[in-house]
Amino acid sequence: MLRRVGYSLYTKTRLGYLFYKRQLKRARERYPHGHSSTQAIVFSGVKVVPIPVLSDNYSYLIIDTASNLAAVVDPSDPLAVQAYLEREGVTLEAILCTHKHWDHSGGNKALKRLYKSCRVYGSSYDDIPELTHALSDREQLSVGRLQFQAYFTPGHTVGHMIYVLDGKSGDGPDCLFSGDLLFLAGCGRMFEGSAETMLTSLDTAASLNDSTLLWPGHEYAADNLTFAAVVEPENAVRDKKCQWVLHRRLEKKSTCPSTIGEEKEYNPFLRTHCRDLHQALDLQRGANEDWNHFRARVLEEVRKRKDLFKER
């Protein structure tokens with residue numbers, strides 16, 4: 001009950017914005033150079049630049065290197081984003097907002113003030129600040145030569161969206177910017193949707209090519225993999241990934257990106273179909289139970305255990 005009240009205050013009153021501003025101030029003081037060391041990835045004609053913001057968020061600058069036009073995903077800290085835009089020498093043409101939470105949308109207004117022709121994309125079902133272009137499921141959009149497709153993925157919020165950069169934009173793999181739907185070894189909390197709704201959204205992400213790079217909204221990898229080891233102890237692929245992640249985090253290095261193919265191997269929220277996970281959770285499918293109904297029960301149980309394990 002207290003959690004629901006707190007969430008309602010955060011999303012529906014000015015208190016949420018004030019809380020975000022306080023978070024922003026503290027993070028800038030504590031992490032003047034960002035919470036993690038990141039590295040850009042360059043394909044032919046495309047550059048993806050992770051921007052560490054707040055205490056564990058990521059924004060992403062996606063650049064068409066031929067035109068020097070750029071899009072940014074979830075610009076929660078406008079000063080940090082502006083610094084990267086200036087460093088790269090590019091013009092912001094679009095903001096791709098995954099959802100309304102302030103730690104993903106808080107910089108929209110300031111950046112729109114600086115770049116008046118900048119388009120702000122998102123779902124009309126979420127109260128996205130400065131929204132100019134409301135998107136529907138699987139709608140396409142472009143920034144320079146960059147081609148994106150938006151997918152409607154409710155569950156974390158009622159209007160959550162993810163964005164997939166077509167790899168053909170730069171002769172590289174597809175890139176998924178997943179906001180708070182999917183993390184390395186984790187998924188977002190179901191604040192505004194049922195387990196059935198979230199399962200459908202996660203299935204959308206899982207249906208992408210295995211080679212798709214996953215760029216999540218938060219640096220939660222170490223906590224998520226530690227939890228994954230609790231709910232599915234016998235997983236050698238996860239153990240190897242966990243060792244790599246812990247080493248990276250000791251050096252404050254980013255763990256992004258992973259791939260959709262990797263996530264299917266160790267992310268419990270994408271493994272609701274796996275018998276090993278069912279056995280570890282001591283869950284059995286009912287005699288006449290619909291398969292997806294059972295998988296939603298598995299997802300709900302994993303999410304419930306994760307909520308108790310750590311508040312993420």
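These values consider heavy atoms only, across backbone and side chains, with no hydrogens, waters or symmetry-generated copies.
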**Message:** Closer than 4.0 angstrom, basic N to acidic O: yes or no for Arg145 and Asp64?
**Reply:** yes
**Item:** Side-chain ion pair, Asp203 and Arg295, N-O less than 4.0 Å
**Value:** yes
**Asked** Should Glu301 and Arg305 count as an ion pair when the cut-off is N to O under 4.0 Å?
**Response** yes
**Item:** Parallel, tilted or perpendicular, as decided by the 30° and 60° cut-offs, for the rings of His156 and His101
**Value:** perpendicular
**Prompt:** Any side-chain donor-acceptor pair under 3.5 Å between Tyr20 and Arg22?
**Reply:** no
**Fill in**
Interatomic distance, OG@Ser178 vs CZ@Phe183, rounded to 0.5 Å, equals 7.0 Å
**Prompt:** Would you say Leu69 and Tyr121 are hydrophobically clustered, going by side-chain heavy atoms of ILVMFWY under 4.5 Å?
**Reply:** yes
**Transitive ILVMFWY side-chain link Met198 to Val231, under 4.5 Å** = yes
**Asked** Just checking, any donor-acceptor pair under 3.5 angstrom between side chains of His218 and Asp180?
**Response** yes
**Message:** Please determine whether the number of non-hydrogen atoms from other residues, nucleotides or ligands lying under 6.0 Å from atom CD of Glu29 exceeds 12.
**Reply:** yes
**Prompt:** Does a sphere of radius 6.0 Å around OH in Tyr115 hold more than 12 heavy atoms from other residues, nucleotides or ligands, not counting ones at 6.0 Å or beyond?
**Reply:** yes
**Item:** Side-chain donor/acceptor of Glu262 to backbone N/O of Thr259, under 3.5 Å
**Value:** yes
**Request:** Check whether the side chains of Ser254 and Tyr58 place a donor and an acceptor atom closer than 3.5 Å, and report yes or no.
**Result:** yes
**Prompt:** Within a reach of under 6.0 Å around CG of Asp127, are more than 12 heavy atoms found that belong to other residues, nucleotides or ligands?
**Reply:** no
**Asked** Would you say the ring centroid of His160 lies under 6.0 angstrom from that of Phe191?
**Response** no
**Prompt:** Atom CZ in Arg285, atom CH2 in Trp291: separation rounded to 0.5 Å?
**Reply:** 6.0 Å
**Item:** Residues Gln82 and Tyr84: side-chain donor-acceptor under 3.5 angstrom
**Value:** no
**Message:** How long is the straight-line distance from OG1 of Thr91 back to CG of Leu85, given to the nearest 0.5 Å?
**Reply:** 8.0 Å
**Request:** In plain terms, say whether Arg297 and Glu289 are close enough for a salt bridge, that is, a side-chain N and a carboxylate O under 4.0 Å apart.
**Result:** yes
**Asked** Are Leu141 and Tyr125 grouped together when hydrophobic residues (ILVMFWY) are joined by side-chain heavy atoms under 4.5 angstrom apart?
**Response** yes
**Request:** Would you check if there is a donor-acceptor pair between the side chains of Asp56 and His35 at a distance under 3.5 Å?
**Result:** no
**Asked** Cys175 and Phe148: side chain to side chain contact (heavy atoms under 4.5 Å, CB included), yes or no, with the steps?
**Response** CA-CA 9 Å; Cys175 290; Phe148 295 90; over 6 Å; no
**Prompt:** More than 12 non-hydrogen atoms from neighbouring residues, nucleotides or ligands closer than 6.0 Å to CD on Glu251, yes or no?
**Reply:** yes
**Prompt:** Is atom CG of Asp171 surrounded by more than 12 heavy atoms (other residues, nucleotides or ligands) closer than 6.0 Å?
**Reply:** no
**Request:** Classify the side-chain pair Ser201/Thr204 by whether it contains a donor and acceptor separated by less than 3.5 Å.
**Result:** no
**Prompt:** Should Leu176 and Ile41 be regarded as members of a common hydrophobic cluster, given that ILVMFWY residues are connected when their side-chain heavy atoms come within less than 4.5 Å of each other, either directly or indirectly?
**Reply:** no
**Message:** Side-chain heavy atoms nearer than 4.5 Å, only ILVMFWY residues, links allowed to pass through others: does that put Leu199 and Phe269 together?
**Reply:** yes
**Prompt:** Just checking, is any N or O donor in the side chain of Thr157 or Asp126 under 3.5 Å from an acceptor N or O on the other one?
**Reply:** yes
**Request:** Could you tell me whether the side chain of Thr272 and the main chain of Pro268 form a donor-acceptor pair under 3.5 Å?
**Result:** no
**Asked** Is the backbone of Ile62 close enough, under 3.5 Å, to the side chain of Lys47 for a donor and an acceptor to pair up by distance?
**Response** no
**Asked** Do you see a donor-acceptor pair shorter than 3.5 Å between the side chains of Ser76 and Asn57?
**Response** no
**Asked** Would Phe227 and Phe309 count as a ring-ring contact (aromatic ring centres under 6.0 Å, His included) if you check the C-alpha gap in whole Å, the side-chain angles of each, and the deciding distance to 0.1 Å?
**Response** CA-CA 7 Å; Phe227 169 73; Phe309 181 79; 5.4 Å; yes
**Short N-O contact, Glu232 and Arg238, less than 4.0 angstrom** = no
**Request:** Would you check if the side chain of Thr132 reaches a backbone N or O of Val120 as a donor-acceptor pair within less than 3.5 Å?
**Result:** yes
**Message:** To check you understand the geometry: which heavy-atom pair defines the closest contact between Leu208 and Thr212, and what is its length?
**Reply:** CB-OG1, 3.9 Å
**Approximate separation, where rounding is to 0.5 Å, of Ser142 OG and Asp166 CG** = 11.5 Å
**Item:** Side-chain ion pair, Glu265 and Lys241, N-O less than 4.0 Å
**Value:** no
